[in-house]
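Worksheet for the structure shown next.
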Amino acid sequence: MERINVTKSSMPTYEEYCEEIKSLWETRWLSNRGDKHKKFERDLQKYLGVENLALFANGHVALEVAIDAFDLKGEVITTPYTHCSTTHSIVRNGLTPVFCDINEDDYTIDVNKIEELITDKTCAIVATHVYGYVCDVYKLNEIAKKHGLKVIYDAAHAFGVKINGVGIGNFGDASMFSCHATKVFHTIEGGITTFNDVNVCDKVNQLINFGFVNHETVAYVSTNARMNEYEAVMGICNLRHIDDEIAKRKAVAQRYVDRLSNVKGIKLIKEQEGVTQNYSYYPVFFDGYKKNRNQIQEELEKENIFARKYFYPLTNELDCYKEKYGFSVKNTPIAKKTADNVLTLPMYADLSLEDVDRICDIILR
C-alpha cells in the first residue's frame, strides 16, 4: 500500500519550473538578489498585502536575523509549544527565553498570562501562530504598547492567513514565514520576514548579506542568509497556484471534521472567527480516547500512514535548555498536556478524500 506521509510538497509542473529558470542559463546570476529574487519579492508584497519584506535561505535564519535587527537585550517572553527553532533564534541572539503557557482553545500563547511574567528585563514577545491558527494579535499589541515591548511572530505556519481581510504579516513588528518544502507554500527551502518599519527592513537586507552596506562597507557582524534564484523561481511558480492548493487542503480538513467531530476523547481546533485559514496542519488531540496518541500513531504506521507528534516535546523540556536554564514544564501545564496528546494527521493538497476516510476509519475502529 502506498505510503502516506504527514505532508507532501506542492509543486508546479516540471515544464513550468524549467521554463521559469531558463533565463538563468543566459544571465548566470544564481544568487544575491537577481531578477528572479526581485520579481518574487514584488509578487509576495502583492499577495501578502505588505510593503516591507526580506527573503532568506531558510525560515530559521529569517527569524534569527529578524530578532537581531532590533538590537534587543534581556528577556523575551515566548511559548514552549513551538518548534525548537523559535527558542534557538532567541537564545542565539544572546537573549533569555521566559516561557508563557498556552491557551486551551487554539494553543497559541495565553495573552492573559503574559503580563505577570514581564520584568524590567523584558524586551520583547516572540509568539507563534500555531498550525495556521493565529495569536490574539490585538491583545498582544495592547500589552506591547503598554510595556514598550517589541512583538515578533513566528508565522512559519501562517502563510496567506488573514484576519478580517488583513494579511497576517501586517501585525507586530515582524513576522517570519517558513518556506520549507513541508509548508503550505514553499521555495524548496527558504524564509520570508515582513516588517512594519522600512528602516528595520533595510537593515535586515544588509544583515542577510554579511552586513554589507555597499561593496566596500560592512556595517554589521552578520551572516550569509541569502535566498538563491532557484528557490525564488520555485516561489514564483508555487505562488501562481497557492489559492487552488489551499482550497484542496480545505476540502481535506473538512473531511476530517466530518469524520472526527463529536467523538468522545478526540478534540479538534475550531475555526477562528474572522480568520482566513490556510489549513497548514491538521492536529488532533487524544484525551480520554480508547487509545492514546502513541497507540494511534502506531496503528497508523502499521498501515503505512505516518502522522507526527508535533509539537513534541516542548522546547522547555529539551536537554539543551533544561541543563542550562533549569526550566520546568510545571510552569506550563496546558502546553505539557497538549504536547503529550497531539498528533498531526496527514494534510496536503493531493491527499485524496478516500485516503482521509481510510485514516479516520483506522482511528475510529
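Predicted model only: the values in this text are computed from it and were never measured.
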Do [X] side-chain atoms and [Y] backbone N/O form a donor-acceptor pair below 3.5 Å?
{"X": "T344", "Y": "R308", "answer": "yes"}
{"X": "Q297", "Y": "A307", "answer": "yes"}
{"X": "Y17", "Y": "Y230", "answer": "yes"}
{"X": "D154", "Y": "A127", "answer": "no"}
{"X": "Y289", "Y": "K267", "answer": "no"}
{"X": "Y153", "Y": "I168", "answer": "no"}
{"X": "T86", "Y": "T82", "answer": "no"}
{"X": "N103", "Y": "T108", "answer": "yes"}
{"X": "N170", "Y": "G167", "answer": "yes"}
{"X": "W25", "Y": "T27", "answer": "no"}

Output yes when [X] and [Y] qualify as a salt bridge under the 4.0 Å nitrogen-oxygen rule, no when they do not.
{"X": "K336", "Y": "D340", "answer": "yes"}
{"X": "K39", "Y": "D35", "answer": "no"}
{"X": "K291", "Y": "E298", "answer": "no"}
{"X": "E354", "Y": "R255", "answer": "no"}
{"X": "R358", "Y": "D361", "answer": "no"}
{"X": "K38", "Y": "E41", "answer": "no"}
{"X": "K203", "Y": "D71", "answer": "yes"}
{"X": "E229", "Y": "K36", "answer": "no"}
{"X": "R259", "Y": "D357", "answer": "yes"}
{"X": "K139", "Y": "D136", "answer": "no"}

[Y] ring center within less than 6.0 Å of [X] ring center:
{"X": "Y133", "Y": "Y107", "value": "no"}
{"X": "H129", "Y": "F177", "value": "no"}
{"X": "F185", "Y": "Y47", "value": "no"}

**Message:** Ring of F56, cation from R226 - is the NZ or CZ under 6.0 Å from the centre and inside 45° of the axis?
**Reply:**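 Cation-pi check for R226 and F56: fails.
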**Asked** Is the cationic atom of R293 (NZ for Lys, CZ for Arg) positioned less than 6.0 Å from the six-membered ring centroid of F285 and within 45 degrees of its normal?
**Response**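 Geometry flag: not set, cation outside 6.0 Å or 45°.
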**Request:** Measure the acute angle between the ring planes of F327 and Y325, then classify it against the limits of 30° and 60° as parallel, tilted or perpendicular.
**Result:**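 Aromatic pair F327/Y325 classed parallel.
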**Message:** Would you call the rings of F311 and Y81 parallel, tilted or perpendicular, taking 30° and 60° as the class edges?
**Reply:**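 Perpendicular.
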From [X] atom [atom1] to [Y] atom [atom2], the distance as rounded to the nearest 0.5 Å:
{"X": "I77", "Y": "T119", "atom1": "CD1", "atom2": "OG1", "value": "7.5 Å"}
{"X": "L55", "Y": "I192", "atom1": "CG", "atom2": "CD1", "value": "6.5 Å"}
{"X": "D173", "Y": "N196", "atom1": "CG", "atom2": "CG", "value": "5.0 Å"}
{"X": "H60", "Y": "S178", "atom1": "NE2", "atom2": "OG", "value": "11.5 Å"}
{"X": "R249", "Y": "D350", "atom1": "CZ", "atom2": "CG", "value": "10.0 Å"}
{"X": "N262", "Y": "L268", "atom1": "CG", "atom2": "CG", "value": "8.5 Å"}

In this structure, are over 12 heavy atoms from other groups packed under 6.0 Å from [X] atom [atom1]?
{"X": "K337", "atom1": "NZ", "value": "no"}
{"X": "K150", "atom1": "NZ", "value": "no"}
{"X": "E116", "atom1": "CD", "value": "yes"}
{"X": "R92", "atom1": "CZ", "value": "no"}
{"X": "E104", "atom1": "CD", "value": "no"}
{"X": "K290", "atom1": "NZ", "value": "yes"}

**Message:** Quick one, E301 and N304 - any side-chain contact, counting heavy atoms below 4.5 Å?
**Reply:**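 No, their side chains stay 4.5 Å or more apart.
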**Item:** Set of residues satisfying side chain to side chain donor-acceptor pair (under 3.5 Å) with respect to D258, sequence neighbours excluded
**Value:**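 Result, side chain to side chain donor-acceptor pair (under 3.5 Å) vs D258: Q254.
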**Request:** Not counting sequence neighbours, which residues clear ring-ring contact (aromatic ring centres under 6.0 Å, His included) with Y279? List them please.
**Result:**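 Y279 satisfies ring-ring contact (aromatic ring centres under 6.0 Å, His included) with no residue once adjacent residues are dropped.
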**K322 to E317 - nearest heavy-atom pair and separation** =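 So the two residues come closest at CE-O, 3.3 Å.
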**For E245, all residues meeting salt bridge (charged side-chain N to carboxylate O under 4.0 Å, His left out), sequence neighbours excluded** =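 Residues passing salt bridge (charged side-chain N to carboxylate O under 4.0 Å, His left out) with E245: K248.
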